[in-house]
Amino acid sequence: MTDGQAAEPPEVLSGVRVLDCSIAMAGPFAAQRLGDLGADVIKVEPPTGEWQRHAAAGGANGNRINVSFLSLNRNKRSIAVDLKSDEGKRILYDLVATSDVFLQNYRPGVAARLGVDYDTLRAINPSLVYVSISGYGEDGPYRNRPGQDLLLQAMSGAMLSAGSHGAPPQPAGQYLVDAVTASTAFEGVLAALFHRERTGQGQLVTVNMLDAITTLQMQELSVYTVGGVEQRRGAQPHAHVYIRAPYGAFATTDGFVALAMPELSTLGRVIGEDTFLDMDTETDSWRYRDEIYERTAARLATESTAHWLEALGEAGIWAGPVYDYEALVNDPQIEHNGTFIEYDHPTEGRIKTPGFPYRLSETPARIDRGAPVTGEHTREILAELGVESEAVDALVQSGVVVAESSETPVRSEVPVTESA
């Protein structure tokens, strides 16, 4: 820090070391959130690199790092080591002894075969918070099923809570189960670390994708299990089976408008649908859901999106635009919030990605480094364990580790401490 330059605020998880042995999205995304808050996240990869490095979503391959991996692995260091070798396993055990969190999403049974299961690592470090993410649970009849996002969406029941009766189920337009599972694991880590602060005790945290997507539907499933209301889709493509009509995206002359749960008589006056004027919102919006949808759709199709947004807004009706990604990225509120972060990556150039979903006034999240190339920090991490340079060279020669040259850390140029 130079004279006159203000010190950067501390990071809330500074001093916490996380070993990220996970692949794909759920685990890496959870670990990235920890890194955004200042944890030293060490991504432990096989010599060939983590699976996501070789699976580019949308075909966005990048220069040396595809966008899928880039988006889920910022604020991490990479060590590439063969855990199937005795030397590689010893390196991991040494890292475990100096770490606070271990995160993995191996298929059930793989961690034990590799010698990195909870009981083994707890014996090395009793204060370790060990996080295990699975598709369906650590045991049970589905333990060996593939934990893939779309398959879990389909099993969760959520696909039949939108759309029309007889139409195909409606998957989400996001990797919804992966993202929810990542957030659930992130919460579990923070809770376990808080417990450790109080007691000094580490513990096992288990998260599975099936429970994550099921508990996300707390309100919907309670309406079914407690209220006894059947999950029934109507003839029209209603957006949610448990919310009264009209509710969904409706075509206009030049686009779409989203409309949510209006008072029927008010809506009738605004759109010129006289049959709504004498309806009871609380009862008729359920009883005549399909008819209400049809008549609303017919009226909204006669004017532009801008016309309806103004008219509906003036009447106090909940309505809004339907964006594509271009419109979202350029929205003035998104710009005001600083939702997207821009920085320069050593191999991928100028990067613009979503930033952080939270604002901490005293310990803000930030980007200190972009996603690493495979084994970029192997030498650095091994040096921290006291391994001499010559010994590292020997490990590289034997194929136990992969070591790339270090890159310059990056710094976000977008202020991330401003509140919305």
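One-based numbering along the sequence shown.
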Checking side-chain hydrogen bond (donor to acceptor under 3.5 Å, both in side chains) for the pair Ser398/Glu87: CA distance, chi angles, key distance, verdict?
CA-CA 10 Å; Ser398 66; Glu87 298 97 327; 5.5 Å; no
Worked verdict on Glu291 versus Met279 for side-chain contact (heavy atoms from CB on, under 4.5 Å)
CA-CA 12 Å; Glu291 294 90 333; Met279 282 188 173; over 6 Å; no
Enumerate donor-acceptor pairs with a distance under 3.5 Å from any side-chain N or O in residues 181-191 to protein atoms, sequence neighbours excluded.
residue : atom : partner : partner atom : Å
Thr181  : OG1  : Val177  : O            : 2.7
Ser183  : OG   : Ala179  : O            : 3.4
Thr184  : OG1  : Val180  : O            : 2.8

Flag for Thr353-Ser71: side-chain donor and acceptor within less than 3.5 Å
no
Which heavy atom in Ile65 sits nearest to a heavy atom in Glu348, and how many Å separate them?
N-OE2, 3.1 Å
Closest contact, heavy atoms only, Ala239 versus Ala162
O-CB, 3.3 Å
Do we see a donor-acceptor contact under 3.5 Å between the side chains of Thr378 and Glu404?
no
Heavy-atom count around Glu138 CD within 6.0 Å, excluding the residue itself: above 12?
yes
Between the side chain of Arg289 and the main-chain N/O of Ala245, is any donor-acceptor distance below 3.5 Å?
no
Could you tell me whether the side chain of Asp94 reaches within less than 4.5 Å of the side chain of Val387, counting heavy atoms only?
no
Listing, residues 37-46 side-chain donor-acceptor contacts under 3.5 Å, not counting sequence neighbours, or none:
residue : atom : partner : partner atom : Å
Asp40   : OD1  : Arg77   : NE           : 3.2
Asp40   : OD1  : Arg77   : NH2          : 3.4
Asp40   : OD2  : Arg17   : NE           : 3.2
Asp40   : OD2  : Arg17   : NH2          : 3.2
Asp40   : OD2  : Arg77   : NH2          : 2.9
Lys43   : NZ   : Ser22   : O            : 3.4
Lys43   : NZ   : Glu50   : OE1          : 3.1
Lys43   : NZ   : Asn73   : OD1          : 3.1
Glu45   : OE1  : Glu50   : N            : 2.8
Glu45   : OE1  : Arg53   : NE           : 2.7
Glu45   : OE2  : Arg53   : NH2          : 2.8
Glu45   : OE2  : Ser78   : OG           : 2.7

Show the nearest heavy-atom pair for residues Leu264 and Asp280, with the distance to one decimal.
CD1-O, 4.3 Å
Is it the case that the side chains of Asp393 and Gln397 hold a donor-acceptor pair, with the cut-off being a distance below 3.5 Å and no angle test?
no
Identify the heavy atoms of Pro47 and Gly399 that sit nearest to each other, and give their distance.
CG-O, 4.1 Å
Spacing of CG belonging to Leu309 relative to CG belonging to Leu259, to within rounding of 0.5 Å
10.0 Å
Is it the case that over 12 heavy atoms from other parts of the model lie below 6.0 angstrom from the OH atom of Tyr93?
yes
Roughly how far apart are Asp117 CG and Leu121 CG, rounded to 0.5 Å?
6.5 Å
Mark yes when over 12 heavy atoms from residues, nucleotides or ligands other than Gln231 sit less than 6.0 Å from its CD; otherwise mark no.
yes
Do Tyr118 and Phe102 have their ring centres less than 6.0 Å from each other?
no
What is the ring orientation for Tyr358 with Phe356, classed by angle as parallel under 30°, tilted 30 to 60°, or perpendicular over 60°?
parallel
Salt bridge present between Arg122 and Asp119 (N-O < 4.0 angstrom):
yes
Quick one: does Gln104's side chain get under 4.5 Å of Ser132's, heavy atoms only?
yes
Using side-chain contact (heavy atoms from CB on, under 4.5 Å) as the criterion, list what pairs up with Gln32, not counting sequence neighbours.
Phe29, Asp36, Arg74, Lys76
4.5 Å side-chain heavy-atom contact, Tyr242 and Gln219
no
Verify the distance criterion only: is there a donor paired with an acceptor across the side chains of Glu220 and Ser161 at less than 3.5 Å?
no
Before giving the answer on side-chain contact (heavy atoms from CB on, under 4.5 Å), spell out for Asp82 and Val402 the whole-Å C-alpha distance, their side-chain angles and the decisive distance to 0.1 Å.
CA-CA 9 Å; Asp82 181 6; Val402 170; over 6 Å; no
Could you give me the CA-CA distance, side-chain angles and deciding distance for Leu385 and Leu95, then say whether side-chain contact (heavy atoms from CB on, under 4.5 Å) is met?
CA-CA 7 Å; Leu385 294 177; Leu95 286 171; 3.8 Å; yes
Please name the pair of heavy atoms, one in Asp324 and one in Ala327, separated by the smallest distance, quoted to 0.1 Å.
OD1-N, 2.8 Å
Which atoms form the tightest heavy-atom contact between Pro246 and Leu267, and what is the distance?
CG-CD2, 3.6 Å
Apply side-chain contact (heavy atoms from CB on, under 4.5 Å) to the pair Tyr106 and Cys21, showing each step before the final yes or no.
CA-CA 8 Å; Tyr106 298 123; Cys21 288; 3.5 Å; yes
